Amino acid sequence: MEGQKPNTGVRGNQSEIQVSEPYRAANRKLHPADTVVDVSGVKIGGGHFAVIAGPCSVESEEQILTVAQKVKASGAELLRGGAYKPRTSPYAFQGLHDQGLKLLCKAKQATGLPIVTEIMSLEHLDLFADVDLIQVGARNMQNFELLKQLGRSQKPILLKRGLANTIEEWLMSAEYILAGGNPNVILCERGIRTYETATRNTLDISAVPVIKAKSHLPILIDPSHATGLPWLVEPLSKAAVAVGADGVMIEVHNNPKEALCDGPQSLTPEQFDHVMQSVLSLVQFEQKAM
């Protein structure tokens, strides 16, 4: 019941592990080894660094196929693209919905890249059967009924941090999915809302080592949403590698000036290729140093 203290220990081998935090399944004290999530053959966590890339929203078959082919050529291992888009304005482009999902699947067939896209409603869950990694966006981080249902699935879940949520609240949302029986949870820090106006949000880079200390779950960084500025994607992606993140998710559009969603923060394929060269060389350096 709410207000009661959580169980403080788990007995095993004549020992008791003390757990003071309200999250248990996500707690590193009870699960000291890093969790590695397998997304259709792409491993994330436990020393496996993954890059997810693609447009904010799926706009056309030509657009998503072009971007998919280019990000794969640059080294991305998963393709992102929004079919259902949560937008602040009801008049903004809301995505192509089920048609967008079909186009993502076409891009997957053409490139072999597993696909990542955001779910907004329990009503859409059956439509996500061919989605490899289901994203829960920042606005739905505490949509507990949705989290419970995703916990009954074995689909890998990418759980973004809410715009103004604490790390404990974020881990408690992950706990909903884990408690339902689904161990395949990946966290994503996408920036939080502060008083700073120089960037779209404020990237909490310290969240990575804090999460690593508190939890066994893998964690990614989304520098595109965190800043809203394409020129900051490269340095913050490097920072993500330096602090131990398990990957990055970057927005890439073949023509950002004409994008229907988040064009100003998107990289061109050429810019993304440059970022990938510098980031992956840093990943290789870090792995050799380990």
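Everything numeric here is computed off the predicted structure, so don't read it as measured data.
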Peer 1: Regarding K106 and E61, does a basic nitrogen lie under 4.0 Å from an acidic carboxylate oxygen?
Peer 2: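 Yes, K106 and E61 are salt-bridged.
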Peer 1: Looking just at side-chain N and O atoms, do Q94 and R87 make a donor-acceptor pair shorter than 3.5 Å?
Peer 2: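 Q94 vs R87: no donor-acceptor pair found between side chains.
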Peer 1: Test side chain to side chain contact (heavy atoms under 4.5 Å, CB included) on R200 and L229 and set out the steps.
Peer 2: CA-CA 8 Å; R200 179 176 179 178; L229 298 169; over 6 Å; no
Peer 1: Can you confirm whether K70 is buried at NZ, in the sense that more than 12 heavy atoms of other residues, nucleotides or ligands lie under 6.0 Å from that atom?
Peer 2: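 12 or below, so no.
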Peer 1: Does the pair Q271 and T268 meet the rule for a side chain to side chain contact (heavy atoms under 4.5 Å, CB included), with working shown?
Peer 2: CA-CA 5 Å; Q271 290 171 326; T268 64; 3.2 Å; yes
Peer 1: Does E62 have more than 12 heavy atoms from other residues, nucleotides or ligands lying within 6.0 Å of its CD?
Peer 2: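 No, the 6.0 Å shell around CD holds no more than 12 heavy atoms from other groups.
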Peer 1: Return the CD to CZ distance between Q284 and F49, rounded to the nearest 0.5 Å.
Peer 2: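 Answer for the CD-CZ pair, Q284 versus F49, is 11.5 Å.
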Peer 1: Less than 3.5 Å apart, any donor N or O on the side chain of Q265 or E251 sitting next to an acceptor on the other?
Peer 2: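 The answer is yes; a qualifying pair exists.
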Peer 1: Start with the C-alpha distance between L236 and I221, add both sets of side-chain angles, then the distance that settles side chain to side chain contact (heavy atoms under 4.5 Å, CB included), and finish with yes or no.
Peer 2: CA-CA 9 Å; L236 292 182; I221 289 287; 5.6 Å; no
Peer 1: Which heavy atom of S121 sits nearest a heavy atom of L146, and at what distance?
Peer 2: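 That closest heavy-atom pairing would be C-CD1, 4.4 Å.
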Peer 1: For the pair E175 (side chain) and A25 (backbone), establish whether a donor and an acceptor sit closer than 3.5 Å, ignoring hydrogens and angles.
Peer 2: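 Flag set: sc E175 to bb A25 pair under 3.5 Å.
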Peer 1: Do V131 and I52 belong together in a cluster built from hydrophobic side chains that touch within less than 4.5 Å?
Peer 2: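 Each belongs to a different hydrophobic cluster.
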Peer 1: Are the side chain of S266 and the backbone N or O of D262 linked by a donor-acceptor pair below 3.5 Å?
Peer 2: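 Answer holds: yes.
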Peer 1: Using side-chain heavy atoms (C-beta onward) and a distance below 4.5 Å, is W170 in contact with L187?
Peer 2: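 Yes, at least one pair of side-chain atoms sits under 4.5 Å.
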Peer 1: To the nearest 0.5 angstrom, please state how far the CG atom of N255 sits from the CD atom of E59.
Peer 2: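 One finds 9.0 Å between CG of N255 and CD of E59.
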Peer 1: Between E189 and L203 (side chain of the first, backbone of the second, donor and acceptor by atom type, cut-off under 3.5 Å), is there such a pair?
Peer 2: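 Not at all, since once roles are kept as given, no pair shorter than 3.5 Å links the two residues.
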Peer 1: Just wondering, do I186 and T35 contact through their side chains at under 4.5 Å, heavy atoms?
Peer 2: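 Result no, sub-4.5 Å side-chain heavy-atom pair not found.
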Peer 1: Any idea which heavy atoms bring G45 and V36 closest together, and the distance?
Peer 2: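 Shortest heavy-atom separation between G45 and V36 comes out as O-CG2, 3.5 Å.
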Peer 1: Can you tell me how far CG of L79 sits from CD of E77, rounded to the nearest 0.5 angstrom?
Peer 2: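 Reported to 0.5 Å precision, the distance equals 13.0 Å.
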Peer 1: More than 12 heavy atoms of other residues, nucleotides or ligands under 6.0 Å from NZ of K155: yes or no?
Peer 2: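 Check passes, neighbour count above 12.
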Peer 1: L30 and V37: same hydrophobic cluster, using ILVMFWY side-chain contacts below 4.5 Å?
Peer 2: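 Looking at the clustering, V37 is in a separate group from L30.
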Peer 1: Using the rule given for side chain to side chain contact (heavy atoms under 4.5 Å, CB included), can you reason through V185 versus L178, listing the C-alpha separation, both sets of side-chain angles and the distance that settles it, and then say yes or no?
Peer 2: CA-CA 7 Å; V185 178; L178 296 168; 3.8 Å; yes
Peer 1: As a test of understanding, state which of R80, K160, R161 forms a side chain to side chain donor-acceptor pair (under 3.5 Å) with D222.
Peer 2: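 Exactly one option meets the side chain to side chain donor-acceptor pair (under 3.5 Å) with D222, and it is K160.
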Peer 1: Quick check for you: to the nearest 0.5 Å, what is the distance between K102 atom NZ and D130 atom CG?
Peer 2: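 So the NZ of K102 and the CG of D130 are separated by 11.5 Å.
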Peer 1: Going by the rule ring-ring contact (aromatic ring centres under 6.0 Å, His included), which residues pair with Y84 if we only count those two or more places apart in sequence or in a different chain?
Peer 2: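 For Y84, the residues satisfying ring-ring contact (aromatic ring centres under 6.0 Å, His included) (neighbours in sequence not counted) are H97, H124.
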Peer 1: Side-chain contact, heavy-atom cut-off 4.5 Å: T88 with R139?
Peer 2: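 Yes, close enough: below the 4.5 Å cut-off.
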Peer 1: Under 4.5 Å between any side-chain heavy atoms of L171 and K214, yes or no?
Peer 2: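 Yes; the side chains approach each other to less than 4.5 Å.
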Peer 1: Indicate the atoms forming the closest heavy-atom contact of F272 with A76, along with that distance.
Peer 2: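 Smallest heavy-atom distance, with atoms named: CZ-CB, 4.0 Å.
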Peer 1: Atom CG of N143 and atom CD1 of I119: how far apart are they, to the nearest 0.5 Å?
Peer 2: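 If we round to the nearest 0.5 Å, N143:CG and I119:CD1 are 9.5 Å apart.
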Peer 1: For the atom pair OG (S60) and CG (L96), what is the distance rounded to the nearest 0.5 Å?
Peer 2: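 Interatomic distance, S60 OG to L96 CG, rounded to 0.5 Å: 8.5 Å.
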Peer 1: With no hydrogens and no angle check, just 3.5 Å: does a side-chain donor-acceptor pair link T202 and T194?
Peer 2: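 Judged by distance alone, the side chains do pair up.
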Peer 1: Quick one: do D34 and R28 make a salt bridge, cutoff under 4.0 Å?
Peer 2: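 Yes, this pair counts.
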Peer 1: Determine whether more than 12 heavy atoms belonging to other residues, nucleotides or ligands lie under 6.0 Å from atom NZ of K43.
Peer 2: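 No, not enclosed.
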Peer 1: Test of understanding: clusters of I, L, V, M, F, W, Y form through side-chain heavy atoms closer than 4.5 Å, transitively. Do Y23 and L217 belong to the same one?
Peer 2: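 Same cluster.
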Peer 1: What about V252 and L113, same hydrophobic cluster or not, with Ile/Leu/Val/Met/Phe/Trp/Tyr joined at side-chain heavy-atom distances under 4.5 Å?
Peer 2: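 Linked within one cluster.
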Peer 1: Taking all non-hydrogen atoms of both residues into account, name the closest pair between P230 and P264 and its distance.
Peer 2: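 Reported closest heavy-atom pair: CD-O, 3.0 Å.
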Peer 1: From the options I134, L104, D132, select the one residue that forms a side chain to side chain contact (heavy atoms under 4.5 Å, CB included) with T117.
Peer 2: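 Looking at I134, L104, D132, the match for T117 under the side chain to side chain contact (heavy atoms under 4.5 Å, CB included) is L104.
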Peer 1: Under 4.5 Å between side-chain heavy atoms, counting indirect links through other Ile/Leu/Val/Met/Phe/Trp/Tyr residues: same cluster for V283 and V275 or not?
Peer 2: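 They do share one cluster, since a chain of ILVMFWY contacts under 4.5 Å joins V283 to V275.
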Peer 1: Counting N and O atoms only, with roles assigned by atom type, does the side chain of S281 sit under 3.5 Å from a partner on the main chain of Q277, one being a donor and the other an acceptor?
Peer 2: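 Yes, S281 side chain to Q277 backbone: donor-acceptor pair under 3.5 Å.
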Peer 1: Which pair of heavy atoms, one from P55 and one from V67, lies closest together, and at what distance?
Peer 2: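 Closest approach of P55 to V67: CD-CG1, 3.8 Å.
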Peer 1: Is atom NZ of K212 surrounded by more than 12 heavy atoms (other residues, nucleotides or ligands) closer than 6.0 Å?
Peer 2: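 Result for NZ/K212: enclosed.
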Peer 1: For S278 and E234, which I'm curious about, is there any donor-acceptor pair between the side chains at under 3.5 Å?
Peer 2: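 Yes, because at least one side-chain N or O of S278 sits under 3.5 Å from a partner of the opposite role on E234.
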Peer 1: Of the non-hydrogen atoms in A110 and L65, which two are nearest, and what is the gap between them?
Peer 2: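 Smallest interatomic distance, heavy atoms only, reads CB-CD2, 3.9 Å.
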Peer 1: Only counting residues at least two apart or in another chain, list the ones meeting ring-ring contact (aromatic ring centres under 6.0 Å, His included) with H216.
Peer 2: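 Only H31 meet the ring-ring contact (aromatic ring centres under 6.0 Å, His included) criterion with H216.
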Peer 1: Does any non-hydrogen side-chain atom of L159 lie less than 4.5 Å from one of L147?
Peer 2: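 Answer yes - side chains close enough.
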Peer 1: Tell me whether N201 contacts the main-chain N or O of H225 through its side chain, where contact means a donor paired with an acceptor under 3.5 Å.
Peer 2: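 Flag set: sc N201 to bb H225 pair under 3.5 Å.
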Peer 1: Would you check if L78 and V51 make a side-chain contact, meaning some heavy-atom pair closer than 4.5 Å?
Peer 2: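 Side chain of L78 against side chain of V51, heavy atoms only: no contact under 4.5 Å found.
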Peer 1: Is the shortest heavy-atom distance from the side chain of M249 to the side chain of L158 under 4.5 Å?
Peer 2: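 SC-SC contact between M249 and L158 confirmed.
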Peer 1: Do the non-hydrogen side-chain atoms of I177 and N184 ever get within less than 4.5 Å of each other?
Peer 2: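 No, side chains not in contact.
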Peer 1: Under the 3.5 angstrom rule, does the side chain of E169 hit a backbone N or O of Q142 as a donor-acceptor pair?
Peer 2: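 Judged by distance alone, no pair lies under 3.5 Å.
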Peer 1: Quick one: do the H253 and E258 side chains pair a donor with an acceptor below 3.5 Å?
Peer 2: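 On atom types as modelled, these side chains do not qualify, holding no pair under 3.5 Å.
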